[in-house]
2 protein chains.
Amino acid sequence: MKKTYTIGDLANEFGITTRTIRFYEEKGYLSPKRNGTRRIYNATDRTSLRLILRGKRLGLSLDETADMIQMYGSPGGNRKQLEIFLTRIGEKRTELERKRKDLEVMLNDLQGVEEKCQLALAQYRK
Amino acid sequence: MKKTYTIGDLANEFGITTRTIRFYEEKGYLSPKRNGTRRIYNATDRTSLRLILRGKRLGLSLDETADMIQMYGSPGGNRKQLEIFLTRIGEKRTELERKRKDLEVMLNDLQGVEEKCQLALAQYRK
DNA sequence: CATTACGTTTACGTTAACGTAAAGTATATG
DNA sequence: CATATACTTTACGTTAACGTAAACGTAATG
């Protein structure tokens, strides 16, 4: 009794179109099971989709997000491979931390403008 | 003796091409002075460019970033306009804060993978 | 059981954000 | 002062990420 989803379910849940979901599959970022011709998505598919959309909100390309999703798999391989993998993780992290700093600066700036605006508005209330 | 920049200066500083900078101007996001036919950028132009690139890193479109840059200007207008403005600021802030949460989740996940990887590597050192 | 809702494939269209190339002009330098 | 370097405009090309439409099959429902 594992929970499954139709393409419409997921489109509704995430506020996207079915075309978008099919596009992701077409490009190899999703591979749902089929019931005859109908697509059947499980929890894993749904998680992948969520990750894709999260990446998108942060300005990652589909390829970049797919890379990250793949990283989330079990870290296997020999020593060398693990070391290479760790390097990749570190790079991603650096990139994401830069984004975080960018975000903090922007939020700060925005707060500054907001305060100015509040001050200007306060004049009207005196 | 105000500092100015050529298009090449800015391209070098920010690691982009001159084509990109001209494109931003073509679309109305930059409007440098001219010395004859040559473009001359000042500190304000440079700041705008920096903001554009920052927005880009965070997945904002040029239009969205231009909107934000415009917000940074002096918050003028009457009471009604100020209130509308405040609403817009609030919306942007909500959006940016969502991005921040997305980032935190991703960084967390990444750290999880990293730790697993470290553990696997530790096996080799025993 | 008709019709409405949801699903399918195929295929061409669209938009943002530049890349690339050509063809010419101005400026810096050995 | 020749030539290399940086700048200019104009214009067509490219890619990612879908949108839109046609033409059709299947499932749910009043």
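Residue numbers start from 1 in every chain, and the chains themselves are labelled A, B, ... in the order their sequence lines are given, proteins ahead of strands. FYI, side chains are in, hydrogens and waters are out, and symmetry mates aren't considered; it's all heavy atoms of this structure.
For the pair A/Arg22 and C/dA11, the criterion of a side-chain N or O lying under 4.0 Å from OP1 or OP2 is not met.
Listed in residue order, the members of residues 48-67 of chain B having a heavy atom less than 4.0 Å from DNA chain D come to none. Residues from residues 25-33 of chain B that place a heavy atom under 4.0 Å from any atom of DNA chain D: there are none.
Between A/Met71 and A/Ile89 there is a side-chain heavy-atom pair separated by less than 4.5 Å. The shortest distance between side-chain heavy atoms of A/Leu62 and A/Lys27 does not fall below 4.5 Å. With a 4.5 Å cut-off on side-chain heavy atoms, B/Leu51 and B/Tyr72 count as touching.
One side chain, B/Asp63 or B/Tyr29, offers a donor N or O that lies under 3.5 Å from an acceptor on the other.
Residues satisfying the side-chain hydrogen bond (donor to acceptor under 3.5 Å, both in side chains) criterion with B/Arg98, sequence neighbours excluded, are absent altogether. For B/Asp45, there are no side-chain hydrogen bond (donor to acceptor under 3.5 Å, both in side chains) partners two or more places apart in sequence or in a different chain.
Within the 4.0 angstrom heavy-atom criterion, no nucleotide atom of any strand lies near B/Thr18. Counting non-hydrogen atoms under 4.0 angstrom, A/Arg39 reaches the backbone sugars and phosphates but no base.
Taking only side-chain atoms of A/Tyr24, from C-beta outward, the nucleotide of D/dC18, C/dA17, C/dT8 with the closest atom is D/dC18. Ranking D/dT9, C/dC18, C/dG7 by closeness to the A/Thr6 side chain, first place goes to C/dG7.
A salt bridge does not link A/Arg39 to A/Glu26: none of the charged side-chain nitrogens sits closer than 4.0 Å to a carboxylate oxygen. The pair A/Glu95-A/Lys92 meets the salt-bridge criterion, with a side-chain N (NZ, NE, NH1 or NH2) lying under 4.0 Å from an Asp/Glu carboxylate O. Between A/Arg88 and A/Asp67, at least one side-chain N (NZ, or NE/NH1/NH2) sits under 4.0 Å from a carboxylate O, which counts as a salt bridge.
Using a distance-only test at 3.5 Å, with no hydrogens or angles considered, a donor-acceptor pair links the side chain of A/Glu64 to the main chain of A/Ser61.
C/dA11 atom P lies 17 Å from atom CZ of A/Phe23, rounded to whole Å. Remark: C1' of C/dG7 and CD1 of A/Ile21 are 12 Å apart, rounded to the nearest angstrom. The nearest whole Å value for the distance from the CG atom in A/Asn12 to the C1' atom in C/dG7 is 14 Å.
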Table of protein N/O atoms under 3.5 Å from nucleotides 21-30 of chain D N/O atoms:
{"residue": "D/dG25", "atom": "N2", "partner": "A/Arg38", "partner atom": "NH2", "Å": "3.1"}

N/O donor-acceptor pairs under 3.5 Å from side chains in residues 9-18 of chain A, not counting sequence neighbours:
{"residue": "A/Asp9", "atom": "OD1", "partner": "A/Thr6", "partner atom": "OG1", "Å": "3.4"}
{"residue": "A/Asp9", "atom": "OD2", "partner": "A/Thr6", "partner atom": "N", "Å": "3.0"}
{"residue": "A/Asp9", "atom": "OD2", "partner": "A/Thr6", "partner atom": "OG1", "Å": "3.3"}
{"residue": "A/Asn12", "atom": "ND2", "partner": "A/Gly8", "partner atom": "O", "Å": "3.3"}
{"residue": "A/Glu13", "atom": "OE1", "partner": "A/Arg46", "partner atom": "NE", "Å": "3.0"}
{"residue": "A/Glu13", "atom": "OE2", "partner": "A/Arg46", "partner atom": "NE", "Å": "3.1"}
{"residue": "A/Glu13", "atom": "OE2", "partner": "A/Arg46", "partner atom": "NH2", "Å": "2.8"}
{"residue": "A/Thr17", "atom": "OG1", "partner": "A/Arg19", "partner atom": "N", "Å": "3.4"}
{"residue": "A/Thr17", "atom": "OG1", "partner": "A/Thr20", "partner atom": "N", "Å": "3.2"}
{"residue": "A/Thr17", "atom": "OG1", "partner": "A/Thr20", "partner atom": "OG1", "Å": "3.1"}
{"residue": "A/Thr18", "atom": "OG1", "partner": "A/Arg22", "partner atom": "NH1", "Å": "3.4"}

